[in-house]
Protein chains: 2
Amino acid sequence: MRPPVNGAVRRRPSLSQLRAFAAVAEHLHFRDAATAIGMSQPALSGAVSALEETLGVTLVERTTRKVLLSPAGERLAVRARAVLAEVAALMEEAEAVRAPFTGALRLGVIPTVAPYLLPTVLNLVHERYPDLDLQVHEEQTANLLDGLTTGRLDLLLLAVPLGVPGVTELPLFDEDFVLVTPLGHGLGGQQGIPREALRALNLLLLDEGHCLRDQALDICREAGRDDVPVTTTAAGLSTLVQLVAGGLGVTLLPRTAVTVETSRNPQLLTGRFAHPAPSRRVALAMRTGAARGAEYEELAAALREALRPLPVRVL
Amino acid sequence: MRPPVNGAVRRRPSLSQLRAFAAVAEHLHFRDAATAIGMSQPALSGAVSALEETLGVTLVERTTRKVLLSPAGERLAVRARAVLAEVAALMEEAEAVRAPFTGALRLGVIPTVAPYLLPTVLNLVHERYPDLDLQVHEEQTANLLDGLTTGRLDLLLLAVPLGVPGVTELPLFDEDFVLVTPLGHGLGGQQGIPREALRALNLLLLDEGHCLRDQALDICREAGRDDVPVTTTAAGLSTLVQLVAGGLGVTLLPRTAVTVETSRNPQLLTGRFAHPAPSRRVALAMRTGAARGAEYEELAAALREALRPLPVRVL
DNA sequence: AGTCACTGATAACTACATTCGATCAACCCG
DNA sequence: CGGGTTGATCGAATGTAGTTATCAGTGACT
């Protein structure tokens, strides 16, 4: 029993071969690929040839003027990238074990959370993880998720559930929505407001793309209001409460935003909904299987502790 | 700017180092691990040490009498296995490209499909892919899925939807269920039977674990029947129709099973439901990203063609 | 207490894979 | 019909990774 008719000895490809092939697949140019991964062109050329030999498949069609991948090469390039990504994850996790809570952490935060929670987050990080270089990016949910999956961001702080496969959520807390009204309004400052009251109100909303806008619309729908009351919109919660103060309508504010946004404005009153009040859940989100996942979970636990003083239901 | 305080030069781990580490992690014994992967004990010992050096992390706690993984080792062993799995997938896909439709294909089939479709499947494979060594395993859905995810099986032929993440379904066809009754029964041989008729019937079912049993119960529930009519059960469809012929009740049979199971028994009549009749979807299922996935898709397409003569709605 | 068997680590050596600089042959372009 | 690119090839230096033989520590058994 010999290996089939094929005379070549089937062996295991090496990582440098895969790296060479992946570089060629990316650049479609041997010299560029070689410099990109810091090796000489002959070495890379040989590595790709050796890989083709070990796999028994032609990966790259090369004329001296043009390089393109064979169909098999296209398929196997995907696999090669997957292998290299796993290796990178392993090395990153080793680095994380060796020196946890050091280096850069690119955190994405949604605009309706950032101003109110960042003080707590930054304090916690600076005191407890002084070697962690926290880089904050404020964007809307869709952009954040894109950044997370493409590797531009490491961790998100936003409203869940997202329902995105490959993204793991680490819930932090639930917070109620509060009804913000101008002084003269009938519901001003009440407790136990029924949701149905939303049906008769002129609700002011944030611009398109803010998840808080969609949540507010959902709450209206649940309260039995089917029309979409799009009259005025605002780019930020601060603007929104100014509009309320000006008498243009009412709005919903997450509990963590209330103090900051309403305390300095005597024109505003806040009303509480009847139990169970409409609420949103805020969480951290990471790529499932992220190399530093264990650290993110520890960070989430520390955050939950640090958030206890806030008027929210910590999870 | 030198590399940090740590004097060690950070390099890239090699695949053989990862293989060595994975083997140690599995056996927790250097000599056993060495023989398992076919290398000498010193070589393996050195490989693990080298890996620890390159990663800068202690992976294995070794006393001369006992070996166990450090916490970091536990985490990184998972990554190492992931890398090796990706490499294995790459090599397998290369093999598949080099020689498609050759070698073993371990196909799992559910019992309520196997007897009726295997003739078609086997014919197709033998004629069109003569080098494919088809190995059929008849088991229930849960076992099949376990076998698929653990790697014991390559491809499944069963009823979908499964709703299992990591498993990709390749739909083949929809087939109606048919009502099988004994000769004297009132509904015998009718067309356009309303589903609600099921409410008043003594329906015979397969044993626990057969997906067909659950499908039949679902159909009853949709027809407005909430009680579970568990009186008699049978291990196979052949037994089931014998029970029907004996007058113990009626049953549902998938369309592909009708000819085989009822033609030789004059005691039985088959009735059709009104449109839209209750039905099930039969599909192939493979691991998402399976190395031979492209071949399975081609096989699915060929199967759809081969199934056209059958009284089903090919997809 | 002493010895034995078995553990993983070490040493010395060898083989070969990888890499490099230099060079070659094919090809496009003007 | 050269000039400048392209990827392939060559021969030598290097370093990695493997081998066998041996060592040193540990627990078990007498």
Side-chain angles (χ1 to χ4, degrees), chain A residues 8-70 73 77 80 83-84 87 91, chain B residues 8-70 73 77 80 83-84 87 91:
Chain A
V9 193
R10 282 287 112 71
R11 295 207 343 291
R12 192 174 298 271
S14 80
L15 279 182
S16 46
Q17 286 169 357
L18 294 180
R19 226 160 76 92
F21 171 49
V24 170
E26 185 186 350
H27 293 89
L28 293 179
H29 191 289
F30 276 66
R31 282 199 144 79
D32 291 356
T35 56
I37 62 175
M39 74 194 299
S40 68
Q41 175 265 318
L44 176 129
S45 202
V48 173
S49 301
L51 182 62
E52 289 179 319
E53 176 71 17
T54 60
L55 296 182
V57 174
T58 299
L59 301 171
V60 184
E61 315 274 4
R62 27 316 208 175
T63 61
T64 51
R65 294 312 278 186
K66 203 170 287 181
V67 171
L68 73 165
L69 295 184
S70 70
V83 172
L84 296 172
V87 172
M91 295 200 304
Chain B
V9 192
R10 282 286 112 71
R11 291 203 352 286
R12 193 173 298 271
S14 79
L15 280 182
S16 46
Q17 286 168 0
L18 294 180
R19 225 162 76 92
F21 171 50
V24 170
E26 185 186 350
H27 293 89
L28 294 179
H29 190 290
F30 275 65
R31 281 198 144 78
D32 291 356
T35 56
I37 62 175
M39 73 195 296
S40 67
Q41 174 265 319
L44 176 131
S45 202
V48 173
S49 301
L51 183 62
E52 290 179 318
E53 175 72 17
T54 61
L55 296 181
V57 173
T58 299
L59 300 171
V60 183
E61 315 274 4
R62 43 286 223 186
T63 60
T64 50
R65 294 310 276 186
K66 202 169 290 185
V67 170
L68 73 165
L69 294 185
S70 71
V83 171
L84 297 172
V87 172
M91 296 201 308

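No experiment lies behind these values; they were computed from the predicted model shown. Labels below follow one simple rule: chain letters A, B, ... track the order of the sequence lines, proteins then strands, and each chain is numbered from 1.
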* Asked: Separation of B:K66 atom NZ from C:dA5 atom C1', in whole Å?
  -> 17 Å

* **A:R19 vs A:L84 side-chain heavy atoms within contact, under 4.5 Å** => yes

Quick one: side chains of residues 31-40 of chain A, donor-acceptor pairs under 3.5 Å with protein atoms, not counting sequence neighbours, listed by atom name and distance.
{"unit_1": "A:T35", "atom_1": "OG1", "unit_2": "A:R31", "atom_2": "O", "d": "3.3"}
{"unit_1": "A:T35", "atom_1": "OG1", "unit_2": "A:D32", "atom_2": "O", "d": "2.9"}
{"unit_1": "A:S40", "atom_1": "OG", "unit_2": "A:A43", "atom_2": "N", "d": "3.3"}

* Asked: NA contact type, A:Q17, heavy-atom cut-off 4.0 Å: base, sugar-phosphate, or nothing?
  -> sugar-phosphate

* side-chain contact (heavy atoms from CB on, under 4.5 Å) assessment of B:V48 paired with B:Q17 -> CA-CA 6 Å; B:V48 173; B:Q17 286 168 0; over 6 Å; no

* Could you identify which residues of residues 35-42 of chain B place a heavy atom less than 4.0 Å from some atom of DNA chain C, listed by residue number, or say none? => B:Q41, B:P42

* Any A:S45 side-chain nitrogen or oxygen under 4.0 Å from OP1 or OP2 of D:dT9 -> no

* To do: Indicate, with a heavy-atom threshold strictly under 4.0 Å, whether A:S49 touches base, sugar-phosphate, or nothing.
  => nothing

* Taking CG from A:L15 and P from D:dA17, how many angstroms apart are they, rounded to a whole number? -> 11 Å

* Strand DNA chain D as a dot-bracket string - pairs counted if Watson-Crick or G-U with both distances under 3.5 Å, | where the partner lies in another strand -> ||||||||||||||||||||||||||||||

* Pairwise 5' ranking along DNA chain D for B:R31 and A:L28, keeping only the more 5' one -> A:L28

* Carboxylate-amine/guanidinium contact B:R62 B:E52, below 4.0 Å -> yes

